[in-house]
There are 2 protein chains.
Amino acid sequence: MNAASFYSKVPRHLVAVDCIIFGFDEGKLKLLVIKRKVAPMAGEWSLVGGFVQTDESTDDAAARVLKLTTGLDDIYMDQLHCYGEVARDTGARVISVAYYALIRIKDHDKPLAQEHGAHWLELENMPELIFDHKKMIEDALVKLRDNAQFHPIGFELLPEKFTLSQLRCLYEEIYGRTLDKRNFRKKILSLDVMEKLEEKDKTSSKKGAHLYRFDADKYDQLKRKGLVFEI
Amino acid sequence: MNAASFYSKVPRHLVAVDCIIFGFDEGKLKLLVIKRKVAPMAGEWSLVGGFVQTDESTDDAAARVLKLTTGLDDIYMDQLHCYGEVARDTGARVISVAYYALIRIKDHDKPLAQEHGAHWLELENMPELIFDHKKMIEDALVKLRDNAQFHPIGFELLPEKFTLSQLRCLYEEIYGRTLDKRNFRKKILSLDVMEKLEEKDKTSSKKGAHLYRFDADKYDQLKRKGLVFEI
DNA sequence: GCAAAAGTGTTCCAGATACACCCATGG
DNA sequence: CCATGGGTGTATCTGGAACACTTTTGC
């Protein structure tokens with residue numbers, strides 16, 4: 001059999017990407033979701049998505065969709081899972097590859113997002129979503145937890161400069177449980193991957209809290225030497 | 001926009017599944033690979049795969065492909081990753097969803113496998129493979145390690161009755177390092193998820209080693225009570 | 001002066017690691 | 001009788017968990 005006859009007569013499918021876009025604001029994990037504009041399910045809440053084009057990889061498609069809605073490039077994104085049930089999309093048979101992204105809410109293009117009907121909703125208070133998007137979000141949260149424990153991805157959700165309280169609050173949100181203040185400080189500081197700045201943040205206390213910055217270069221160096229990041 | 005116009009004019013893609021089929025035999029992790037029969041790359045080593053049909057989910061397609069080559073049903077399978085680079089398949093643009101499966105080599109339909117040109121090759125001594133199949137295998141091994149540590153999936157690779165030495169040997173293969181005999185026994189037995197049988201296996205020692213059987217019901221009970229499986 | 005968040009150390013316990021010898025048996 | 005793999009217990013160490021008071025300063 002030659003290549004032409006091997007690949008011909010094979011069914012072709014619509015392939016979509018859906019993005020679970022995490023943000024962190026006001027001490028809460030949030031997701032960027034949109035009011036769907038097209039039938040079926042127009043007007044319902046949906047993840048941000050789009051179809052994979054002929055000349056782009058699925059990774060590229062996810063990056064394109066993210067940029068289209070947030071204006072952001074060069075963002076932490078990871079593939080979550082491919083959802084391939086025949087009837088998962090009620091409009092047509094669509095195979096969807098889901099990605100999750102971590103962004104700094106402050107950095108995104110707010111007008112652009114609004115133009116696309118996008119809203120930041122609290123993870124803990126998600127409305128009904130179309131198709132299997134709820135399941136995607138659940139799966140993404142599990143994966144986020146797993147990854148955040150052993151990789152320094154939490155910093156992707158915080159501003160460049162942040163306080164230890166903010167960082168702890170973020171991890172508490174991700175893990176869904178409280179963390180001991182002293183143990184958390186001890187552990188994260190012992191990793192020695194953050195730079196302590198002179199500046200203090202006074203927005204949330206009279207005393208002021210030191211700001212820190214994640215040092216990616218230092219992390220890479222230490223990782224090569226065998227550092228095991230764990231929070 | 002209505003549904004018909006929304007979904008029309010969207011490019012459609014060939015979607016394949018590829019299966020990384022792990023087995024364990026003679027103390028070694030092995031993979032079931034085939035000599036590819038069709039162009040391009042006919043005659044080269046390849047993972048077992050096939051195209052996703054119109055009426056089947058990607059999970060179903062993977063299960064179908066596995067059954068076709070091994071005769072086995074109802075096997076541990078988990079999705080690995082969706083590989084979506086545009087040019088990953090040199091014959092056409094094919095998006096591939098990879099799955100990995102754990103089977104008991106002794107249970108598979110050997111003649112059927114041979115008929116499909118399938119061979120069990122040692123993981124440590126893999127030849128070159130077509131396309132990105134090498135990468136898929138590497139990714140699968142990472143995922144297998146991660147999963148085996150916290151889920152009792154190692155048992156899927158062993159016969160129903162096995163000795164502690166066999167089990168330890170399997171984990172040594174998976175992790176790629178030796179494990180202390182006494183510590184391993186202590187840990188695995190303390191989980192209390194295996195039934196100790198009266199029978200002994202004398203094939204590998206004069207004294208004979210007790211056979212054990214994994215007790216899935218007991219594991220499920222203990223898990224509900226909060227047992228954390230970890231090896 | 002007081003409210004509100006920042007910052008700081010020690011004790012305790014569980015689980016991981018390291019390690020060496022006797023046992024049973026077929027040949 | 002000896003070679004081979006099976007089976008066993010203890011001491012030590014490390015890292016996680018629990019826990020409460022002082023500091024700073026804006027109001």
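First the proteins, then the strands, lettered A, B, ... as listed; each starts at 1. Only heavy atoms go into these numbers, but all of them, side chains included; no hydrogens, no water, no symmetry mates.
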Atom pairs under 3.5 Å: protein N/O with N/O of nucleotides 10-13 of chain C:
from: C:dT10; atom 1: O4; to: A:K186; atom 2: NZ; distance (Å): 2.8

* Comparing B:T163 and A:G208 on DNA chain D - which has the more 5′ nearest nucleotide -> B:T163

* Report, as yes or no, whether the 6.0 Å neighbourhood of atom NZ on B:K200 holds more than 12 heavy atoms from other residues, nucleotides or ligands. => yes

* To do: Step through the shown structure and confirm whether more than 12 heavy atoms of other residues, nucleotides or ligands are within 6.0 Å of NZ on A:K106.
  => no

Without decimals, in angstroms, what is the distance between [X] [atom1] and [N] [atom2]?
X	N	atom1	atom2	answer
A:Y175	D:dG16	OH	P	12 Å
A:D201	C:dA6	CG	P	9 Å
B:D180	D:dG7	CG	P	15 Å
A:R177	D:dG16	CZ	C1'	11 Å
B:L167	D:dG6	CG	P	13 Å
A:R168	C:dA6	CZ	C1'	10 Å
A:F184	D:dA18	CZ	C1'	17 Å
B:L191	C:dG15	CG	P	11 Å

* Asked: Picking from C:dG7, D:dG16, D:dG6, which would you name as closest to the side chain of B:K181?
  -> D:dG6

* To do: State which of C:dA16, D:dT23, D:dT4 makes the closest approach to the side chain of A:K207.
  => D:dT23

Indicate whether OP1 or OP2 belonging to [N] is found under 4.0 Å from a side-chain N or O atom of [X].
X	N	answer
A:S205	C:dA6	no
A:H210	C:dG7	yes
A:S165	C:dA5	no
B:K206	C:dG27	no
A:K187	D:dG16	yes
B:R182	C:dC19	no

* I would like to know whether A:K135 and A:D139 meet salt bridge (Lys or Arg N to Asp or Glu O under 4.0 Å); could you show each step before the answer? => CA-CA 6 Å; A:K135 174 79 166 82; A:D139 293 348; 2.8 Å; yes

* Given salt bridge (Lys or Arg N to Asp or Glu O under 4.0 Å), test B:E122 with B:K30 step by step and report yes or no. => CA-CA 4 Å; B:E122 281 187 20; B:K30 298 185 177 181; 5.2 Å; no

* Asked: Are B:E172 and B:R177 close enough for a salt bridge, meaning some N to O gap below 4.0 Å?
  -> no

* Which residue lies toward the 5' end of DNA chain C, B:E230 or B:K200, if each is placed at its nearest nucleotide? ->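 Going by which nucleotide is closer to the 5' end, it is B:E230.
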
* So B:H119 and B:W45, ring-ring contact (aromatic ring centres under 6.0 Å, His included) or not? Walk me through it. -> CA-CA 10 Å; B:H119 300 258; B:W45 289 108; 5.3 Å; yes

* To do: For the residue pair A:Y171 and A:Y175, categorise the inter-ring angle as parallel (less than 30°), tilted (30 to 60°) or perpendicular (more than 60°).
  =>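 Plane angle between 30° and 60°, so tilted.
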
* Asked: Testing B:L102, B:L167, B:L170 for side chain to side chain contact (heavy atoms under 4.5 Å, CB included) with B:F155, which one passes?
  -> B:L167

